[in-house]
Amino acid sequence: MAEDFNTDSMFSMFLFESSQLLEKLEGIILEKQDADCFDDADINEIFRCMHTIKGSAGVMMYDNIMKASHKLEDVFYYLRESHPEDVPHMELVEKVLAVSDFITGELDKLRNGETADGDESKLVEDLDEFLSRIKGEIKKQGIRLPKANKQEEPTQFYVKPVAEDDSHFYKIVIHYRNDTQMSNIRAYSATYALKEVAEDLLYTPEDILSNEASGDVILAEGFHMLLQTKISKEEVLELIDSSEAEKIDFDEITSDEYGKELVNLGREPAPQIVINLEDGVKPAKDDKPAPGDYVVKSKDPGKGKTLAKNQPKQQSIISVNVEKMDALMDLIGELVIAEATVLQNPDLKVPGLDLTNFQKAASELATNTTELQQVIMSMRMMPLTNTFQKMKRIVFDVSRKLDKDVEFEVIGENTEVDKNIIEHISDPLMHLVRNSVDHGIEEDPNERTMLGKPAKGKITLEAKNEGGKVYISVRDDGKGLNAEKLYEKALDKGLIDKPMSDYTEKEIFRFVTLPGFSTKEQVTEYSGRGVGMDVVVKNIQAIGGRLDIDSTLGGGSEMTLVIPLTLAIINGIVVQVGNSPFVLETSSIKQFVRMTQDSLVQEPSGEEYVVLRGEYYPFIRLNEKYELPDSCCNVDDGIVVVLEHEGKQICVLIDKLLQQQEIVVKPIPSYIKKVRGLSGCTQLGDGSIALILDIAGLIQDEERR
Amino acid sequence: MEELKEGLQEQEADAQKGKFMTFQAGKEFFGISISYVKQIIAMQPITVVPEVEDYIKGLINLRGKIIPVIDVRVRFKMEPKEYTDRTCIIVIDVKSTVVGLIVEKIAQVDTIMDDDIVPPPTLGRKDNEQNKYVYGLAKTEDSVKLLIDPEKLIKQEVLEALEELQEEEQE
């Protein structure tokens, strides 16, 4: 099985790494989108991101990704080196996003097993044009222009390596076939392979990665390399990928000849700084390498490797199959039960046993298992940061396309939610945010100022964790929903038939979630593409959540997704009815009350109601409903629980409360048909099974009667 | 790994051919092909699930997996009987549906050749439903064993459940 994980590990690493870098990149860009310019740290960071992507794309031979990232790297190289002022910041942001989108698109293609065949030339042209424009600005400002595409590192001198006795010197010329595609990349991979073994490696043309024309030079003149290494000729030949090579000239030369060849390669020894080492001249290398080229510096053959990794330290993350996580969770559940079996073993109850040491060890074990359980639970939780990041991007794109000035505020992006849920809310949330920009914010800023609102629209995305639920709201300060318009529209479409007075305002707002309802007359590119609010609501309901709509005409609207924190774990109270344990979700419990027979009202039909502080609630005796034996039938002995779901309340009679604990929800085996009022089952600490009551189901059931 | 498992299963299937786990319910002995049997466990505390068929006794916890259990006597329309310490649960796996069968007493594992199995006579039997999952009668030295097809036993349930679901939807 291990092989499965190793196959294409390079490829998946490339995908993973690149997407992470792109995410980071987008993060930086969007954070600074409203600033006037990027600061140095950002520029460096963007430069590094692009540099790494370019490097790995080069190794993986994805030419278009490489070129696009290279061009962007160029732009940032200029910014980094000459600190120009008056760079059109917005345009730059757009350019970066365009490149990031392009690469993301290509990565997606690769991920789906397609080839990365996107055309980068338009992008590159754009960037070139942009670059020359800022260059022009720079010139105008009289700032020194750095040499084209050359890295302004402190001058590096080519230090000729000390020839060791067992070193061989080779002069290698690779002639590729005339029809070879991307000969520069092939040459590059040859140097890459040799770098591992080289004590010294020089090649020409030098700018094989950064200069596309170098490919033609290589085809015409061959690719010249000078190599100093300890390994034999045969081993060297093996390392060079000769599949496309027409012929490879391979000469072993002496150390002296090597020095001369260096000069032939266009590296004149720098006479002014001749330092005599034991064995002669130290030629200076004045052709500085282009950024991104792997520069093999002498004395440090392994340097190329570290270059690729000089990105800043990130939190390291591994992705794990969810099935494995579930298996782990099950195992830990069993461990906890096994622990209970050991610690509460009847054998320990023999009188007169000295258990001091046992108890110490036992409490240690208990601490560890509890912690273990918490860790596995937390492993499933992820912050909403990434999802919110995407929303920033949406607001940015949509507001620019629609030419609306929108401020976007994010609150509580660190709120943690179960991974499964995150996957489900991304699309609905995207839709809500788009809607807010498109339909919420007024088209005409004057309209806003007339109402005394700032000209700039504001959208707030807020997440908070409350009572076992996560509230994610998208709030705008725009037009708000017009209840009258909504009603007319719904009537028009034949979605409703009652007079308007039959509906509350909130109910009318809910019309927008009806299938086939779209208030915007014109379907724009961003909203109303058929996937409407009804789909949003459906998706949210699928994960046990709901959508609340609130709006003030002229003051803005607020759409709130209320979703469970996790699908797998709930905070529950274990109660007993008869001999059966049941679990009630803590968040749906309003209160526990002791009652007397007097507070019950019975209808002739047998239906019962509870009077509680003047209010009437439907009353369910669980033992009767589910025909559970051995239960107390007397209200005086039992406990009444008031449960609430979506504003509807119901009272349930139980025998007694057992405990409160975190419950791992498991489905009832499909073999057993669905019982209304039960949403799942769970394993209690002692290994027994409790059924989880589905409050919504209970209430529905009651309403049907 | 998966392949290896399958290979093993095939080998096992050969060894299991003709072997039947027999158990007693009432006066009769029943047999179930051993290839379905996952394990036999002692009686366990059962959590009752309300509003289900009377023969589904509830859920048990099989080392972290929650599985439903069926009382075979009730399923065969016999009078239910108190559980004793001889009562066992045979855990069977029918096409990935894992179900426990509560039986009064495990008898033994018998080898029954195909030749010894005759289909149950269909004429003149009143108790038709029982025949649906009894697919053969096997004569062994001392007694006649009713061979059960657990697939049918399960399938039937699923169908019933489906029908009920559909009814619900129509409501």
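Given the structure is predicted, the values throughout are model-derived calculations rather than measurements. In what follows, chains carry the letters A, B, and so on, assigned in the order in which the sequence lines appear, proteins first and then strands, with residues in each chain numbered from 1.
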Check the surroundings of atom NZ in K349(A): do more than 12 heavy atoms from other residues, nucleotides or ligands lie under 6.0 Å from it? yes
Contact check, side chains of P50(B) and L678(A), non-hydrogen atoms, under 4.5 Å: yes
Which bit of L331(A) is near chain B, if near means a heavy-atom gap under 4.5 Å: side chain, backbone, both or neither? neither
Is the count of non-hydrogen atoms from other residues, nucleotides or ligands lying under 6.0 Å from E371(A) atom CD greater than 12? no
Side chains of L691(A) and T47(B), heavy atoms from C-beta outward: is any pair under 4.5 Å? yes
At their closest point, which heavy atom of E51(B) faces which heavy atom of K625(A), and how far apart are they? OE2-O, 4.1 Å
According to salt bridge (Lys or Arg N to Asp or Glu O under 4.0 Å), who are the partners of R546(A), at least two apart in sequence or on a separate chain? D548(A)
Per-residue tally against chain A (heavy atom, under 4.5 Å) across N61(B), V49(B), I46(B) peaks at N61(B)
Residues that D110(B) engages under salt bridge (Lys or Arg N to Asp or Glu O under 4.0 Å), provided they are two or more places apart: K145(B)
Residue, of I668(A), N579(A), I689(A), that accumulates the most heavy atom pairs under 4.5 Å with chain B: I689(A)
Between L59(B) and chain A, which part of the residue has a heavy atom less than 4.5 Å away: side chain, backbone, both or neither? both
Where does P45(B) contact chain A at under 4.5 Å (heavy atoms): side chain, backbone, both or neither? neither
Choice from I66(B), V52(B), V48(B) maximising heavy atom contacts with chain A below 4.5 Å: I66(B)
